[in-house]
Amino acid sequence: MKKLTDPLYTLSGVGPKRAEVFGELGIDTVKDLLTYYPFRYEDIQEKEIEDIQDQEKVTLKGTVVSEAVLNRFGYKKSRLNFRIMQGHAVINVSFFNQPYLKDKVVLSEDIAVYGKWDAKRKSLNGMKILGAKNDGEEFAPIYHVNKRVRQSSLVQLIRTGFEEYGCLVEENLPQELLEKYRLMDRPTAMFAMHFPKNPEESHQAKRRVVFEEFLFFQLKIQGLKRQEKAEKNGIAIQYDVQRLKGFTKKLPFELTQAQKKVTNEICRDLMSPQHMQRLLQGDVGSGKTVVAAIALYAVMTAGFQGALMVPTEILAQQHMESLQLLFDPLEVQTALLTGSTKAKERREILEQLASGEIDVVIGTHALIQEDVVFKRLGLVITDEQHRFGVNQRRILREKGQHPDVLFMTATPIPRTLAITAFGEMDVSIIDEMPAGRIPIETRWIRPPQLDTVLEWMQKELARGHQAYVICPLIEESEALDVKNATEIFEHMQDAFSPAYQVGLLHGKMKNQEKDEIMQRFKENELQLLVSTTVIEVGVNVPNATIMLIMDADRFGLAQLHQLRGRVGRGSEASYCILVANPKNEMGIERMKIMTETNNGFILSEKDLELRGSGEVFGVRQSGLPEFVVGDIITDFNVLEVAREEASTIWKKKQWWVLPDYQGLAEEIQPEDGKHQYFD
Ligand code: ADP
Ligand code: MG
């Protein structure tokens, strides 16, 4: 009998090979395919070139006026160029690494290209060719695809999927909710997500799917929370108050009021038998690390172990160093465990974790997985960008560990949003900077002034300071990213060598290579570090006082703020120089705001106001859960409604056996069947 969960190859025309290609997109079953929703719809309409803002994503329609020229360079890299005429304007279009599009570009024929507008070069960086000849396709779905799957073949397959399995799609929400919120039924919504008849139908379909996605999420986390409560096996960590006081007294500085407040909140959670789920939020440089150190120390004095998880090896290394400075190494046994820890050392560390010899372990995500066994894990702290979601919590539970959990983030997420999105997590905020900080001075310059700035930088370097130079982000192609960074690197070498050493760091480098360069910068063997944004998160080099950001208008405000937070970490005056030539009011406004405030919360609000989407102010980096269709910023009210409904549902006695709730119960049951919410 056919089921929606049948593997993809059960569809006509799909063999194992093709199924594998789609598997790369996470589409393994027919259901995965039918629910592989477009991330946006392209409303194909002509736009006057003067009205398009730099970097805006638009569709341009026009006549092809030059043969398409394909240049190949390097392994699998290529660039396709052609020109189209729209009205009286001739526009350059280029596509990277999509050589097969050449056949779609026919001289003198009309074409519609979706892409990103480069105002400076009056050219469009193409992302997709839309069916221009087919005027019916005025409202086209756009999917995330990769190099091996084309939009058109995906759409084709989705059609086949509906033809062969469409009749099996059943409602999964209770009637009550459908009526209460006037939601579209599931079969209609699922189809309309891909093939909407008009914008209104598309809107209704999306409204339903977003609701559904948020409701499932809320049901799961509330279910988990409920179960954790029922088990009552959170750990009461009876730390040694006197020793902890001794530790904070010995710190090289006095804690700020805000640090004291959050430390107390955390310590209270540790002591209580309730399971701690706390979000610690504080702007870059507000001093979260020392708060983490205090919590880890407290846990150690109670005879428990602590783990600190960070996103990269560089950061792990760095946290290891700062913690060792704060801890008395004789008293606290620390270890570093990352992907590059050598096998022998790793084995030793694992043994010592199992025996309880190690008190605090610092490392990347691998820490809490697989063969890592703790003797008595009491606290897990995650720092930046880490998704420590339902699944990770499950992994620990299954190992029989129920540690308290503290998430640290520098992303200024509004409090209500954090609480709702994390599922009733407690929130602590450090809203104060350590005293004596000299605020970073931010200046915005236009490119022609760069030479003057470089001269001024000579003087700063002569005083023994160091500088970062950040290269713009070129999303279209990594090869271009590297090329661009290399050019800037050479320019800096011309300007500063041989008096100063210049280093280069980019995403194409091997981890080890990156770590080496970073290390040399830390040790002041390099005075200038030219880098793509790989240094964005967390590195601490207090001697660096200059942050020079090229093409700063290409970055989001939150990202600029994060980058700026890399300087001003010592006692010297620091500077952030934004080099940008924004083409429109919004760009100008953004540069101005950066020079006016150092406050991350104000910036995030501004960013939201100016650009109106969640992604821009770094939600991705915040560790907030990511949703496929729903946007926790723009659909925030739906998220709140879903939270309330989920809570109402959990209050119903054994709701999962009610006939109208079968679909829901099935949806939140994990595939491996390992976790039972319903007991
Ligand atoms: P972040 O919140 O960005 O992780 P860090 O914990 O790295 O910030 O702290 C930034 C710097 O401020 C570090 O050099 C740290 O030693 C210092 N610092 C932290 N707390 C205080 C304080 N209360 N007084 C003075 N300096 C502090
Ligand atoms: Mg930090």
Side-chain angles (χ1 to χ4, degrees), residues 244-245 247-266 278-297 306 308-312 314-328 360 362 381-386 406-413 427-440 465-466 468 518 521-522 524 535-545 547 558-574 576 598-601 603-604 618 621-623:
L244 193 60
K245 279 201 176 138
F247 176 67
T248 47
K249 269 218 189 81
K250 270 192 295 179
L251 289 173
F253 40 72
E254 162 104 15
L255 293 180
T256 62
Q257 284 309 316
Q259 281 171 321
K260 283 183 190 160
K261 189 174 112 254
V262 302
T263 305
N264 283 334
E265 288 165 352
I266 292 165
R278 190 171 280 280
L279 178 74
L280 174 60
Q281 214 178 305
D283 214 339
V284 262
S286 62
K288 294 184 291 296
T289 313
V290 65
V291 173
I294 295 171
L296 290 167
Y297 189 89
L308 175 61
M309 283 205 305
V310 298
T312 65
I314 296 180
L315 266 182
Q317 181 82 42
Q318 189 179 292
H319 269 107
M320 177 78 176
E321 285 162 21
S322 7
L323 288 183
Q324 277 181 332
L325 278 179
L326 295 170
F327 293 146
D328 175 351
V360 172
I362 297 140
I381 303 181
T382 69
D383 190 15
E384 320 257 16
Q385 270 194 343
H386 258 281
L406 181 69
F407 304 80
M408 302 200 291
T409 173
T411 308
I413 315 155
V427 181
S428 289
I429 299 177
I430 306 183
D431 51 6
E432 173 188 11
M433 285 288 173
R437 281 285 162 76
I438 306 173
I440 302 162
H465 296 163
Q466 288 165 276
Y468 295 100
M518 210 50 237
F521 185 64
K522 274 183 111 164
N524 202 357
I535 63 151
E536 191 182 335
V537 204
V539 287
N540 193 19
V541 183
N543 192 47
T545 57
M547 170 61 66
Q559 208 175 7
L560 289 174
H561 183 60
Q562 288 281 339
L563 286 168
R564 174 165 67 184
R566 299 301 116 223
V567 296
R569 302 175 85 83
S571 52
E572 302 280 338
S574 294
C576 174
N598 266 320
N599 182 319
F601 277 95
L603 281 172
S604 79
Q621 275 120 61
S622 67

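For this chain, numbers begin at 1 and follow the sequence in order. The figures that follow rest on heavy atoms only: side chains count, while hydrogens, waters and symmetry mates do not. Counting starts at 1 for both ligands and their atoms, following the listed order.
- With a heavy-atom cut-off of 4.0 Å, Asp283 touches ligand 1 through its backbone alone.
- If you check each of Gln259, Gln562, Gln257 against atom 20 (N) of ligand 1, the one with the closest non-hydrogen atom is Gln259.
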Derivation and outcome, side-chain contact (heavy atoms from CB on, under 4.5 Å), residues Ile438 and Glu572 | CA-CA 7 Å; Ile438 306 173; Glu572 302 280 338; 5.9 Å; no

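- The residue Met408 has no part lying near ligand 1, judged by heavy-atom distances below 4.0 Å.
- Side chains of Ser428 and Glu265: a donor on one and an acceptor on the other come within 3.5 Å.
- Numbered from 1 in the order shown, with element, the atoms of ligand 1 that lie under 4.0 Å from a heavy atom of Glu254 read 22 (C), 23 (N), 24 (N).
- Side-chain contact of His561 with Asn599: a donor-acceptor pair under 3.5 Å is absent, judged by distance alone.
- Taking any N or O of Gly287, backbone or side chain, at least one lies under 3.5 Å from an N or O belonging to ligand 1.
- Under 4.0 angstrom from ligand 1, the non-hydrogen atoms of Thr256 come from both its backbone and its side chain.
- Taking 4.0 Å as the cut-off between side-chain N and carboxylate O, Glu321 and Lys522 count as a salt-bridged pair.
- Taking any N or O of Gly285, backbone or side chain, at least one lies under 3.5 Å from an N or O belonging to ligand 1.
- Here the side chain of Gln281 pairs no donor or acceptor atom with the backbone of Val427 at under 3.5 angstrom.
- Taking only non-hydrogen atoms, the option from Gly282, Pro434, Gly565, Pro542 nearest to atom 25 (C) of ligand 1 is Pro434.
- When every heavy atom of Leu255 is checked against every heavy atom of Lys260, the shortest pair comes out as O-CE, 3.7 Å.
- Nearest heavy atom pair, residue Val262 against residue Ile429, reads CG1-O, 3.6 Å.
- Close contacts between ligand 1 and Ser286 involve ligand atoms 2 (O), 8 (O) [criterion: under 4.0 Å to a heavy atom].
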